[in-house]
Amino acid sequence: MTPFGTRLAAAIEDRGRFCVGIDPHAALLHEWGLDDDVASLERFALTVVEAVAPVVGAVKPQSAFYERFGSRGIAVLERVVAESRAAGALVLMDAKRGDIGSTSQAYADAYLDPSSPLGSDAVTVSPYLGFGSLEPMVEAARRHGGGLFVLALTSNKEGPEVQHARNGEATVAGTMLAHLRAANAGAEPVGSFGAVVGATIGSTDEDLDINGPLLVPGYGAQGGTAADLERIFGAAARWALPSSSRDVLRAGPDRTALRDAARRGNDAVRGLGA
Ligand SMILES: O=c1ccn([C@@H]2O[C@H](COP(=O)(O)O)[C@@H](O)[C@H]2O)c(=O)[nH]1
């Protein structure tokens with residue numbers, strides 16, 4: 001399988017760097033005139049897939065919004081994965097998994113093995129049991145041509161309490177970025193092991209050049225702007241994937257309006273990192 005980094009570079013080249021989050025919040029279901037039930041979840045999520053997956057490089061379903069409906073919600077998530085990929089978009093599963101190594105193996109099987117119904121192109125992972133606990137997922141990503149996005153500098157205001165803490169000279173976030181730089185060493189055009197860095201962090205002294213992709217939530221509804229991206233990422237913006245959920249989803253349920261919102265999102269970040 002072609003490595004995730006190579007596939008992502010091609011997707012950015014062909015379709016742009018903007019990622020649409022598929023987050024069926026209860027409030028959005030309501031705004032779309034839908035009920036808060038699994039039939040409405042399905043209608044919402046598949047409408048978004050149909051509208052945006054043919055035109056953007058990547059989509060990012062947030063697993064929690066499907067999990068809250070139990071097994072029938074997970075079945076909808078499986079369709080989101082399959083139908084987005086069939087339409088040519090990479091699926092970045094936002095599940096933020098992480099556990100002791102033996103359990104990480106099961107997460108790797110769930111999200112990175114192409115034979116799994118939830119098998120995605122990449123998955124978000126939490127390194128706070130230690131980066132080494134992610135090794136089964138790193139190994140599965142290498143084996144299956146998948147990718148990881150490791151939480152480094154998240155978009156929420158509570159993140160710095162943990163991520164700016166120092167581990168000797170380096171911050172916790174800096175330690176994660178260093179692990180990712182090592183995992184991506186020598187990869188061309190870019191590695192498969194990415195970091196999550198929020199568009200809302202203001203600025204950072206961390207070196208974001210990890211030769212890997214940077215998933216950038218917090219763009220749009222949380223306040224992050226294109227100007228923030230220029231300031232935070234500088235040259236590292238070449239591999240940045242600004243991701244927006246609510247700002248795009250509010251354009252629905254009209255499919256054309258949703259697609260136009262995704263196209264506008266893409267246009268706004270086209271020149272980033274040039
Ligand atoms: O640091 C992080 C990591 C992940 N997220 C997720 O991204 C989306 C953001 O949704 P918006 O509607 O565009 O605010 C959501 O799924 C979060 O769980 C994040 O916001 N920050």
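For ligands, and for the atoms within them, numbers begin at 1 and follow the listed sequence. Bear in mind the structure is a predicted one, so any value in this text is a computation, not a measurement.
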Angle between ring planes, F65 versus H25, binned at 30° and 60°: parallel, tilted or perpendicular?
tilted
Taking atom 12 (O) of ligand 1 as the reference point, the nearest protein heavy atom with its distance:
R246 NE, 2.6 Å
Looking at L215, V20, I22, L241, which hits side-chain contact (heavy atoms from CB on, under 4.5 Å) with K60?
L215
CG of L77 to CD of E42, rounded to nearest 0.5 Å, is 12.0 Å
Return the closest protein heavy atom for atom 20 (O) of ligand 1 as residue, atom name and distance.
Q222 NE2, 2.8 Å
What protein heavy atom is closest to atom 2 (C) of ligand 1, reported as residue, atom name and distance in Å?
P217 CG, 3.3 Å
Only heavy atoms of T154, strictly under 4.0 Å: list the atoms of ligand 1 that pass.
1 (O)
Applying side chain to side chain contact (heavy atoms under 4.5 Å, CB included) to Y107 and L112, what does each step give before you reach the verdict?
CA-CA 8 Å; Y107 285 135; L112 294 167; over 6 Å; no
Of the listed options S155, S63, A64, G218, closest to atom 21 (N) of ligand 1 (non-hydrogen atoms)
S155
Relative to ligand 1, is D94 under 4.0 angstrom through side chain, backbone, both or neither, heavy atoms considered?
side chain
Kindly confirm or rule out an N or O of Q62 lying under 3.5 angstrom from an N or O of ligand 1.
yes
Heavy atoms only: give me the nearest A140-A108 pair and the separation to one decimal.
CB-CB, 3.7 Å
When distances are taken from atom 4 (C) of ligand 1, the protein heavy atom at minimum range is K96 NZ, 3.2 Å
Give the intermediate values and the outcome of side chain to side chain donor-acceptor pair (under 3.5 Å) for residues D99 and S104.
CA-CA 5 Å; D99 208 312; S104 284; over 6 Å; no
For S244, is the nearest heavy atom under 4.0 Å from an atom of ligand 1?
yes
Closest non-hydrogen atom pair between P213 and V190, with its separation:
N-CG2, 4.1 Å
Taking atom 10 (O) of ligand 1 as the reference point, the nearest protein heavy atom with its distance:
S245 OG, 3.3 Å
Worked check of side chain to side chain donor-acceptor pair (under 3.5 Å) between Q222 and T200
CA-CA 7 Å; Q222 294 177 49; T200 50; 4.8 Å; no
Please state whether D23 comes within less than 4.0 angstrom of ligand 1, counting heavy atoms only.
yes
Out of curiosity, is K60 lining ligand 1, as in a heavy atom under 4.0 Å away?
yes
